[in-house]
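What you see below is based on every heavy atom in this structure, not just the backbone, and it leaves out hydrogens, waters and symmetry mates. Nothing here was measured: the structure is a model prediction, and the numbers come from that model. We name chains A, B, ... by the order of the sequence lines, and we start the count at 1 in each one.
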Amino acid sequence: MREVRLVTTYKRSAFYNMALDEAVLSECYSGRSPPTLRFYTWKPAAVSIGFFQSIREEIDLKRAEEFGVHVVRRLTGGGAVFHDREITYSIVIPERWAPGTIIESYEKICRALVLGLKFLGVNAQFSPINDIVVSGRKISGNAQTRRGRFILQHGTLLLDLDAERMFSLLKVPSEKIREKMIRSANQRVTCLRREANKNFTISQVQNALERGFAQALNIKLNPGKITMRELKLKRALELKKYRTHAWNFLR
Amino acid sequence: MKIRTRRIRFDFKERGGKLLRASALILKEKIISIRLSGDFFIYPEEAIFRIEQALQGSSIKDVSKILTRHLKRNRIKIIGFTPEGLQTALESAVRK
């Protein structure tokens, strides 16, 4: 059976989280680290923007500063995400474990979350290109990048939702709203607490997601640690890339 | 003779696609420079800079053809918008 290292790093900064994702991908690509699944949370709360987004167009930077919310550019595409009451996963696996087109590989990996939600009593579906929805409302956004023959996919699962705070930080494009003919944020986005009608602890959610990943990708998860080499690379990436104005204001 | 350039900005989203925000400097029907942003995906990501360069100097009516050829030649994949959609949106923005 395919084996995957399982790592948990809760309550880390946006810069730490993004730098570690890239460090693990780089070390897997170099053959020094095994395929890895990491679960993490963000402290302080943060907004991440997609690689191609313009930070000024997407985020109310003044308000982010007022709220003490960090802002970081991801190495993956996709949209802006407010990381507050949620759990994030990041998985690095060889491309051949999720073969087919890019959208097929999203679906294969997202199946882990759909299964995890099922174990928590929530009926969710994959919604192409990169979302997971419950009754048409988004509960999870996902994004992937590739290095050589390795995929990194990371994504979030909303545990609770403070729509007012979320949408006061994100500048939601009116085009999106118009297309979907949706009048309020609460109709577009949902969270686990609302769908399960129950408050789960973060470790209950992580356990369910671990089972989901194991089943969806037919892998065995082995609890492990970040290597010294990964940590060293993470430190360099955090300082020289993810904390810099040049990177975060790239577009 | 005075040369007139025009700055155009537009948001566009194809059905089932992602939001694309474009800002372009146009001289007559040609692109002097263009910047694309949005929540789409490009693999590899760094190819966005080469795509923007490839569109510099091209006629708006040739955007789809030039972009399609560039993607194929460099094995670049875009998810979230199409070359045809970008051309149509540019054409509609310059008409305004």
Side-chain angles (χ1 to χ4, degrees), chain A residues 22 25 29 47-59 73-81 95 100-107 127-131 138 141-155 170-180 247 249-251, chain B residues 7-25 31 33-56 63 67-68 70-72 74-86 88-93 96:
Chain A
E22 184 169 346
L25 174 61
Y29 170 61
V47 179
S48 73
I49 57 164
F51 184 94
F52 307 103
Q53 291 188 299
S54 154
I55 195 166
R56 288 191 183 89
E57 282 171 1
E58 303 299 332
I59 312 293
R73 181 178 300 280
R74 298 190 304 270
L75 77 164
T76 53
V81 182
E95 217 173 41
T101 63
I102 288 172
I103 294 183
E104 283 166 350
S105 68
Y106 268 112
E107 182 163 17
S127 172
I129 302 169
N130 58 323
D131 292 335
K138 180 170 169 175
N142 304 272
Q144 66 173 246
T145 187
R146 285 153 188 252
R147 290 287 180 279
R149 298 203 171 278
F150 277 83
I151 298 174
L152 176 148
Q153 181 169 314
H154 49 198
L170 307 183
K171 295 180 183 169
V172 179
S174 57
E175 290 284 327
K176 269 189 174 175
I177 307 280
R178 266 205 295 280
E179 188 192 289
K180 293 175 185 173
W247 169 254
F249 285 75
L250 184 67
R251 299 191 86 68
Chain B
R7 167 73 58 190
I8 56 167
R9 286 194 177 84
F10 61 90
D11 286 0
F12 118 90
K13 192 171 186 291
E14 291 172 88
R15 187 173 285 275
K18 296 287 184 182
L19 182 81
L20 173 72
R21 293 179 146 167
S23 167
L25 193 62
I31 296 171
S33 65
I34 187 163
R35 203 198 65 158
L36 307 173
S37 63
D39 60 358
F40 50 83
F41 296 92
I42 297 179
Y43 299 101
E45 288 79 8
E46 293 73 20
I48 183 76
F49 306 109
R50 281 182 280 143
I51 287 173
E52 289 171 340
Q53 268 177 9
L55 294 176
Q56 276 179 24
V63 159
L67 184 51
T68 304
H70 182 80
L71 299 182
K72 199 171 172 189
N74 296 290
R75 295 184 179 180
I76 298 164
K77 288 197 176 88
I78 296 180
I79 295 179
F81 72 91
T82 64
E84 298 77 23
L86 176 60
T88 308
L90 272 162
E91 285 168 344
S92 136
K96 278 178 190 164

Exercise for the section: Flag the pair B/Arg21 / A/Ser54 as yes when at least one side-chain heavy-atom distance between them is below 4.5 Å, and no otherwise. Expected result: no

Problem - Spatial distance of atom CD1 (B/Ile79) from atom OG1 (A/Thr101) [nearest 0.5 Å] - result: 7.5 Å

Exercise for the section: Among the options B/Gly38, B/Pro44, B/Gly80, pick out the one with the most heavy-atom pairs lying under 4.5 Å from chain A. Expected result: B/Gly38

Handout entry: Results of salt bridge (charged side-chain N to carboxylate O under 4.0 Å, His left out) for A/Lys138 - residues two or more places apart only
Key = A/Asp131

Exercise for the section: Using a cut-off of 6.0 Å, state whether more than 12 heavy atoms not belonging to B/Arg7 lie near its atom CZ. Expected result: yes

Problem - Straight-line distance of B/Ile78 CD1 to A/Phe52 CZ, nearest 0.5 Å - result: 8.5 Å

Problem - Nearest heavy atoms of A/Thr145 and B/Tyr43, plus distance in Å - result: CA-CE2, 4.0 Å

Completion exercise
So, the part of B/Phe10 with a heavy atom under 4.5 Å from chain A: the answer is neither

Practice task
Taking all heavy atoms of B/Ile48 and all of A/Arg251, pick out the closest pair and write down the distance.
Solution key: CG1-NH2, 3.7 Å

Handout entry: Which atoms of A/Leu250 approach chain B - backbone, side chain, both or neither, heavy atom under 4.5 Å
Key = side chain

Handout entry: Residues A/Arg74, B/Glu45: salt bridge by 4.0 Å N-O rule
Key = no

Problem - Student check: side-chain heavy atoms of B/Phe41 and A/Ile102 closer than 4.5 Å - result: no

Handout entry: Structural part of A/Leu75 lying under 4.5 Å from a heavy atom of chain B
Key = backbone

Fill in the blank from the handout: From the list A/Glu57, A/Arg56, A/Gln53, A/Glu58, side-chain contact (heavy atoms from CB on, under 4.5 Å) partner of B/Ser37 resolves to A/Glu57

Handout entry: Proximity breakdown for A/Ala80 and chain B, heavy-atom pairs closer than 4.5 Å
Key = neither

